[in-house]
Amino acid sequence: MVRTVLAMLAFAAVATVGDVAVEPVVAHAADDVHVVGEAIIAGPTGAFAASTTAKAAAKAAAPGCDDRSYALSPWRVDKPYQWTYNPKGTPASVAATALGAIQRGSTTVSSGRNRCRTTTRLTTTNQYKGTTTRVAQVSASGTCAGNDGVSVTSWGRLPSAYLAYTCVYYRSNGTVIASDMLIDNSVHAWATTLPARCVKTFDLESVVVHERGHTAGIGHVEQVRSVQQTMSPRNQPCSTTKRLLGAGDLAGLRARYGA
Ligand SMILES: [Zn+2]
C-alpha cells in the first residue's frame with residue numbers, strides 16, 4: 001500500500017491507480033492532526049460466479065467466510081463515534097429510508113454483524129446524534145476539504161466512479177477526531193431494497209458498511225483475492241453482500257477492538 005505523507009498540505013490530490021483512486025490519501029492537516037480520504041468505487045468486481053458443487057454452494061451461502069484477510073489503518077475510534085446526518089439532497093428513491101440504512105450500516109461495523117455466524121464483542125460503538133445542516137467536508141473532486149471537528153454524513157457530488165468517500169481526521173497517537181462521509185447523489189442510482197429487475201442500482205446500506213469500516217480503521221484488502229470482503233475497494237450494483245461483514249473484515253475489527 002503506497003502512502004504519501006505531505007507535510008503541511010491539508011488538501012492532497014487523490015492518488016490514482018489506473019483511472020480510479022484505490023489508495024488512501026494521507027496528508028498532514030495541522031500540527032499533530034492527520035487526514036486520510038478513502039473511496040468506494042462502483043464497478044464490476046468479477047465475483048459471485050454461479051455455484052456448481054455442494055462445496056461451492058456452501059461457500060456462496062456464506063461468501064467471504066474462508067478469507068481472513070484484513071488491513072489496518074493507523075487510527076482507532078476510542079470514544080463512541082458520534083455522527084450527524086444531513087438529509088439535504090437525498091435521492092428520491094431512498095428519501096424515506098436512507099437514514100435507517102445508514103444507522104444499520106454504522107451499527108453493523110460497531111457490533112461486528114457478519115455473514116459467518118460468528119458472535120463477537122467489540123469495544124467500539126457509534127451514536128447517531130440527529131440531523132444537521134452541516135455538510136461532509138469532502139470536495140466534488142474527491143478530496144478531504146477541512147476539519148470542523150464534527151462527523152457529518154451527507155449527500156453530494158463526487159467523481160463519477162465514486163459511490164461514497166470518507167475522510168478520517170486523527171491524531172498522531174491514532175485517536176480519531178472526526179470522520180465525514182459524502183455519498184454520491186449525482187451519478188449513481190440508490191435503493192435500500194433492490195428492485196426485482198435490478199440493472200445498475202446500488203444498495204446504500206452495503207456502501208455505508210464499507211465506509212464506516214474506514215472510519216473504524218480497517219482499510220482496503222486486495223480486490224481480486226478478497227473480493228467478498230466488505231473492505232475490498234469495489235462494489236457492484238444489485239448486490240447486498242457487503243451489508244454484512246466477511247471473516248477478514250471481522251478479524252480486522254477484532255484486531256482493533258476485540259473485547
Ligand atoms: Zn474504501
Side-chain angles (χ1 to χ4, degrees), residues 14 16-23 37-51 56 59-65 67 87 89-106 108-109 113-115 136 138 140 142 153-166 181-214 218-246 248-249:
V14 174
T16 58
V17 176
D19 60 342
V20 294
V22 295
E23 296 291 345
E38 304 258 18
I40 183 166
I41 305 297
T45 61
F48 316 127
S51 306
K59 270 177 75 171
C65 292
D67 175 11
T90 307
S93 60
V94 294
T97 56
L99 177 57
I102 296 166
Q103 289 178 297
R104 280 194 303 279
S106 301
T108 292
V109 171
R113 280 203 302 155
N114 62 83
R115 313 171 209 131
V138 178
T153 296
S154 66
W155 296 85
R157 182 175 290 274
L158 284 169
S160 61
Y162 293 11
L163 293 164
Y165 198 90
T166 292
M181 181 196 337
L182 190 72
I183 311 167
D184 167 75
N185 68 357
S186 59
V187 175
H188 303 290
W190 294 101
T192 52
T193 302
L194 291 175
R197 288 183 190 170
C198 183
V199 177
K200 58 181 182 176
T201 303
F202 288 91
D203 178 55
L204 176 61
E205 187 174 335
S206 300
V207 167
V208 169
V209 173
H210 176 100
E211 293 301 306
R212 290 295 195 242
H214 283 310
I218 50 176
H220 286 157
V221 290
E222 204 278 322
Q223 176 63 44
V224 175
R225 191 174 61 245
S226 296
V227 61
Q228 287 163 329
Q229 298 309 308
T230 295
M231 294 315 293
S232 60
R234 289 179 180 269
N235 190 48
Q236 63 184 11
C238 309
S239 169
T240 58
T241 299
K242 291 188 172 187
R243 280 189 186 185
L244 294 172
L245 302 167
D249 306 312

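In this text the structure is predicted, and so the values were computed from the model without any measurement.
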*Asks:* Could you check whether any side-chain N or O of S226 sits under 3.5 Å from a backbone N or O of S232, counting only pairs where one atom can act as donor and the other as acceptor?
*Replies:*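 No, S226 side chain to S232 backbone: no donor-acceptor pair under 3.5 Å.
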
*Asks:* Between the side chain of R115 and the main-chain N/O of T241, is any donor-acceptor distance below 3.5 Å?
*Replies:*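 Indeed, once roles are kept as given, a pair shorter than 3.5 Å links the two residues.
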
*Asks:* With the side chain counted from C-beta on, respond yes when S154 and L182 share a heavy-atom pair under 4.5 Å apart, and no when they do not.
*Replies:*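 A side-chain contact under 4.5 Å exists here.
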
*Asks:* Taking C-beta and beyond as the side chain, do E205 and K242 meet within less than 4.5 Å on heavy atoms?
*Replies:*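 A side-chain contact under 4.5 Å is absent here.
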
*Asks:* For D67, does its backbone N or O pair with a side-chain atom of Q229 as donor and acceptor, under 3.5 Å?
*Replies:*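 Looks like yes, one N/O pair under 3.5 Å.
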
*Asks:* A side-chain contact here means heavy atoms from C-beta on lying under 4.5 Å apart; do H188 and K200 qualify?
*Replies:*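 No, too far: nothing below the 4.5 Å cut-off.
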
*Asks:* I'd like to check H220 versus H210 (side-chain heavy atoms, cut-off strictly below 4.5 Å). Are they in contact?
*Replies:*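 Yes. Closest side-chain heavy atoms under 4.5 Å.
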
*Asks:* Any chance you could measure I218, atom CD1, to M231, atom CE, to the nearest 0.5 Å?
*Replies:*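 Those atoms lie 5.0 Å apart.
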
*Asks:* Report yes if some heavy atom in the side chain of N114 is under 4.5 Å from a heavy atom in the side chain of D249; otherwise report no.
*Replies:*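 SC-SC contact between N114 and D249 ruled out.
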
*Asks:* So, taking the atom named CD in Q228 and the one named OG in S239, what distance separates them when rounded to the nearest 0.5 Å?
*Replies:*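 Rounded to the nearest 0.5 Å, the CD-OG separation comes to 9.5 Å.
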
*Asks:* Please assess I183 against I102 for the test side chain to side chain contact (heavy atoms under 4.5 Å, CB included), listing each intermediate value before the final yes or no.
*Replies:* CA-CA 11 Å; I183 311 167; I102 296 166; 4.1 Å; yes

*Asks:* Looking at every non-hydrogen atom in both residues, tell me the closest pair between A101 and T192 and how far apart they are.
*Replies:*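 Shortest heavy-atom separation between A101 and T192 comes out as CB-CG2, 3.7 Å.
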
*Asks:* Would you check if Y162 and I41 make a side-chain contact, meaning some heavy-atom pair closer than 4.5 Å?
*Replies:*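 The answer is yes; the side chains approach within 4.5 Å.
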
*Asks:* So, the side chain of Y165 versus the backbone of G142: is there a donor-acceptor pair under 3.5 Å, distance only?
*Replies:*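 Answer holds: yes.
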
*Asks:* Give me the atom names and distance for the closest heavy-atom approach of H214 to A39.
*Replies:*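 The pair with the smallest heavy-atom distance is NE2-O, 4.2 Å.
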
*Asks:* Describe, in one word, how the ring planes of W155 and W190 are oriented to each other, choosing from parallel (under 30°), tilted (30 to 60°) and perpendicular (over 60°).
*Replies:*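 It falls in the perpendicular class, over 60°.
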
*Asks:* Should we count CZ of R157 as having more than 12 external heavy atoms under 6.0 Å?
*Replies:*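 Result for CZ/R157: open.
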
*Asks:* Using the salt bridge (Lys or Arg N to Asp or Glu O under 4.0 Å) criterion, which residues pair with R225? Sequence neighbours excluded.
*Replies:*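 If we apply the salt bridge (Lys or Arg N to Asp or Glu O under 4.0 Å) test to R225, skipping adjacent residues, there are no hits.
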
*Asks:* Can you name the residues that form a salt bridge (Lys or Arg N to Asp or Glu O under 4.0 Å) with D203, not counting sequence neighbours?
*Replies:*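 Once residues adjacent in sequence are excluded, the partners of D203 under the salt bridge (Lys or Arg N to Asp or Glu O under 4.0 Å) criterion are R243.
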
*Asks:* Verify, without hydrogens or angle tests, whether E38 (side chain) and E211 (backbone) share a donor-acceptor contact under 3.5 angstrom.
*Replies:*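 No, because the side chain of E38 does not come within donor-acceptor range (under 3.5 Å) of the backbone of E211.
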
*Asks:* Taking all non-hydrogen atoms of both residues, which atom of A191 and which atom of T201 are closest, and how far apart?
*Replies:*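 It is CB-CG2, 3.5 Å.
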
*Asks:* Between atom OG of S206 and atom CG of L163, what is the distance when rounded to the nearest 0.5 Å?
*Replies:*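 Rounded to the nearest 0.5 Å, the OG-CG separation comes out at 10.5 Å.
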
*Asks:* Within this structure, what is the CG-OG1 distance for the pair L244 and T230, rounded to the nearest 0.5 Å?
*Replies:*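 OG1 of T230 is found 7.5 Å from CG of L244.
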
*Asks:* Tell me if a side-chain donor or acceptor on T90 pairs with a main-chain N or O of P87 at a distance below 3.5 Å.
*Replies:*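 Such a contact is found between T90 side chain and P87 backbone.
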
